[in-house]
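Chain letters run A, B, ... following the sequence lines, proteins first and then strands; every chain starts at 1.
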Number of protein chains: 2
Amino acid sequence: MTPPGDVDEISGRDDGDAMTAAPAPVALSAPLPTIADVARAAGVSKTSVSRFLGGALSALSEDKRQQIESAIARLDYRPNRLARGLKRGQTRLIGFVVADVVNPYSVAVMHGAEAACRKFGYTMMLCNTGGSRELEHQVLDALASYSVEGIILHSVGEATGAIARLVPARVKLVLLDRRLPQTDYDFIGLDNSIATMLATRHLLENGYRDLAIFAEPLAGVSPRCERTAAFLAEVATEPAATGGLFEIDTTDETSTDRAVAAFMAANRQAAPKAILAASGIVTLCLLRALARAGIAIPDDVGVVGFDDLAWSHLVGTGITTIGQPTDKLGEMLVRQLLARIDGDTAPRCDRVVPGHLIIRGSSARR
Amino acid sequence: MTPPGDVDEISGRDDGDAMTAAPAPVALSAPLPTIADVARAAGVSKTSVSRFLGGALSALSEDKRQQIESAIARLDYRPNRLARGLKRGQTRLIGFVVADVVNPYSVAVMHGAEAACRKFGYTMMLCNTGGSRELEHQVLDALASYSVEGIILHSVGEATGAIARLVPARVKLVLLDRRLPQTDYDFIGLDNSIATMLATRHLLENGYRDLAIFAEPLAGVSPRCERTAAFLAEVATEPAATGGLFEIDTTDETSTDRAVAAFMAANRQAAPKAILAASGIVTLCLLRALARAGIAIPDDVGVVGFDDLAWSHLVGTGITTIGQPTDKLGEMLVRQLLARIDGDTAPRCDRVVPGHLIIRGSSARR
DNA sequence: TTGTAAGCGTTATCAT
DNA sequence: ATGATAACGCTTACAA
């Protein structure tokens, strides 16, 4: 079928390797076929092949179309995205910068975002900052150097020059979960006020009166601040209730131990106590500390935690949690980015999704 | 300081936007500076700038070196990695293809791998296959189209054409956790035989005699097969003990319920029962099923699970688990890849790391 | 030590 | 409908 002259030198240049009857049609060290190879094999110009690739079918005769199609299949050709990106400025790359990759919340959102990226033909570059400003700076620069079209940023909590520098690089940015004060970047996250109110109200309604919110050092990180503020505001609506904030260092066990001891030792012994953990990590640290101290849930203290984790209902009689639609968040982030990439110039978007309370044994009625 | 003529037209071409006193030195819609811009600003050739960038300091006069350095700083220039990759064939990109991004095991390894990538100047592209052959095929193709230099593959379990196609594309491959029969790709994972033996022996030594291993359908997936085989072999060393395999569908609760019921109803009522869960996901499903059935751990049944999860010690009196050095695995994977990229042609590497048993209450002595 | 020029694999412009 | 040809931003012979 194929004239011998057309066959692009597949002849073995291998030395030593005597696999003469190799099933793979391509020699091990053959250079990858380029658009030029396809053009030659199909007897057309590179331009025509490019048109075929770009879907400009209308400007192609059925004749050539078939020739090209078959040549592509024969050579197992696939376009080089780097070259395409360089020329067209469309890399179809999206960066996901996360403060903590092992945080189940981030992972869950990442899951949704990755799926959305793939759905829309994008590929995700993942970077972890570990909560370090320096690293965040570094990875944002790195992503920009790859000409990603957009970045989803779960920031360390403050606006940095590295973020500002994305703008001239034409990289679209959307913030996840954490707002950046004084900036007007798009934002998507949880409706912290309502979610916190829901949880706090639930505790109050179930008879808890001496409340506390455990959080990582607020340090201006928006969800921590918002949750704390909403918690205190809600507690204030119940005259008989008190509420306080305990900041803990999640990397230091004794920190949580101390906070727990301080809270449990507080005066109002008669008032049923409960703790709202402001994040999944804090929930974990808190539960560990309570276990170490031999404090019973919910008998000695009620517990509600942000972020519904897979194991929430396995601990004790189950931990009451605030769930977030993480997959949906991931998809929303990508969609928002793609809209901007497509030229959407609407004013800053600030979209929040509602959390839902999943009531389990840890906040049982008192 | 800077002669006016040297300043590359920063002059505002903005229409409408009247931010005359903008703090950012670069106009919003200015094209990014290229190596040519730097060369012009520094009064040297592109070549010299490229040499500077490439660290060819020896071939550069101190004079020009400073000029270039200052020009780069002035323009806030950063090289375009796409262009560099296209020309040099070095993209500094590594793909991580994982069967299940939300699996804590994968996440933990990813954490280590991401850190290693960054350490060595690489950036990670993350793809999730959800265990689908088709998706694996698709994402491998996508990664190849970006000319990643290497891929870490947590495969769906079988060798596919998509994997074979990476070879002509000169993409290095290293398998994580799951071997691919009939292939000779580099492999790094857990020493399943020893880890399983450790866990099984522990159960036997603690008096359990009626054992079972719960696993997802083996389907030729190597860790599942190896763990099951090692489990059965170890059980066989104890004449008074019996052991069986229960395959469960982790996406269907009733599947685990049925398996648990079947195992618990089995004859040998006198023999203390214990279950070895062959993965973190299975452990989770198992614990849920036991909770639903009201079966007490370890009184009614002992439990040991693969993969040490953050919450392992919070459930009941703690779940005995087999921990893996996941961060180390991640780094090993990247190092292996980089070695191959650097031209290492050593024969197929098959490296296993030892797991360690973390003994908690779920396997207490009978 | 420095620079010129030719590509890397695409797409886009402009002819034809 | 089709095809030269010039970019995209960079590296690298090869010259000087």
Side-chain angles (χ1 to χ4, degrees), chain A residues 8 30-68 71-72 75-93 144-149 168-170, chain B residues 8 30-68 71-72 75-93 144-149 168-170:
Chain A
D8 278 33
L32 285 181
T34 73
I35 205 172
D37 297 319
V38 175
R40 203 175 315 129
V44 301
S45 73
K46 291 193 313 180
T47 309
S48 292
V49 179
S50 180
R51 286 197 178 103
F52 176 87
L53 261 29
L57 21 115
S58 59
L60 231 40
S61 71
E62 183 58 18
D63 191 21
K64 309 248 173 207
R65 211 192 55 72
Q66 296 219 339
Q67 293 268 283
I68 295 172
I72 286 178
L75 300 180
D76 190 26
Y77 163 84
R78 263 149 319 159
N80 180 327
R81 290 225 178 211
L82 254 43
R84 197 196 294 246
L86 183 59
K87 179 61 185 161
R88 258 213 318 210
Q90 291 192 354
T91 55
R92 301 276 123 131
L93 244 26
S145 75
Y146 283 107
S147 309
V148 298
E149 297 181 31
R170 274 169 222 64
Chain B
D8 278 32
L32 285 182
T34 73
I35 203 172
D37 297 320
V38 174
R40 203 175 317 129
V44 301
S45 72
K46 291 193 316 180
T47 309
S48 293
V49 180
S50 178
R51 287 206 248 268
F52 176 87
L53 261 27
L57 20 116
S58 58
L60 231 40
S61 71
E62 182 60 17
D63 190 21
K64 307 249 172 208
R65 208 191 58 71
Q66 296 220 339
Q67 293 269 281
I68 295 173
I72 286 178
L75 301 180
D76 190 27
Y77 165 82
R78 265 148 319 157
N80 179 327
R81 290 227 180 210
L82 255 42
R84 195 197 296 247
L86 184 59
K87 177 61 185 159
R88 255 209 322 206
Q90 290 192 357
T91 56
R92 301 277 123 132
L93 245 25
S145 75
Y146 283 108
S147 309
V148 297
E149 296 181 34
R170 275 170 221 62

- Item | Estimated bend of the helix from C/dT1-D/dA16 to C/dT16-D/dA1 (axis per five terminal pairs, rounded to 10 degrees) | 40°
- Query: Taking the side chain from B/R40 and the backbone from B/V38, do they hold a donor-acceptor pair closer than 3.5 Å?
  - Reply: no
Grab the two heavy atoms, one from [X] and one from [Y], that are nearest each other, plus how far apart they are.
| X | Y | result |
| --- | --- | --- |
| A/P79 | B/S145 | O-CB, 3.8 Å |
| A/L86 | B/A83 | CD1-CB, 3.8 Å |
| A/A41 | A/L75 | CB-CD1, 4.1 Å |

- Kindly state each residue pair satisfying salt bridge (Lys or Arg N to Asp or Glu O under 4.0 Å) with at least one member in residues 84-93 of chain B, sequence neighbours excluded. B/R92-B/E149
- Message: Using a heavy-atom cut-off of 4.0 Å across all strands, would you classify B/S145 as base, sugar-phosphate, or nothing?
- Response: nothing
- Answer with base, sugar-phosphate or nothing: what part of the nucleic acid does B/S147 contact at a heavy-atom distance below 4.0 Å? nothing
- Task: Tell me, please, the opening and closing nucleotides of DNA chain C, 5' to 3', among those with an atom under 4.0 angstrom from a non-hydrogen atom of chain B.
- Result: C/dT1 to C/dG9
- Which letters describe nucleotides 6-16 of chain D, given B = protein heavy atom under 4.0 Å from base, S = only from sugar-phosphate, - = neither? -BBBBBBB---
- How long is the span from the CG atom in A/L32 to the OH atom in A/Y77, to the nearest 0.5 Å? 10.5 Å
- Note on the structure: Rounded to the nearest 0.5 Å, the CD1 atom of A/I68 sits from the CG atom of A/D63 at a distance of 9.5 Å
Pairs of donor and acceptor atoms involving the side chains of residues 44-61 of chain B, under 3.5 Å and at least two apart or interchain, shall be tabulated with distances.
from  : atom 1 : to    : atom 2 : distance (Å)
B/S45 : OG     : B/T47 : N      : 3.4
B/S45 : OG     : B/S48 : N      : 3.3
B/S61 : OG     : B/K64 : N      : 3.2

- Set of residues satisfying side-chain contact (heavy atoms from CB on, under 4.5 Å) with respect to B/L93, sequence neighbours excluded: A/M125, A/Y146, B/T91, B/T123, B/M125, B/V148
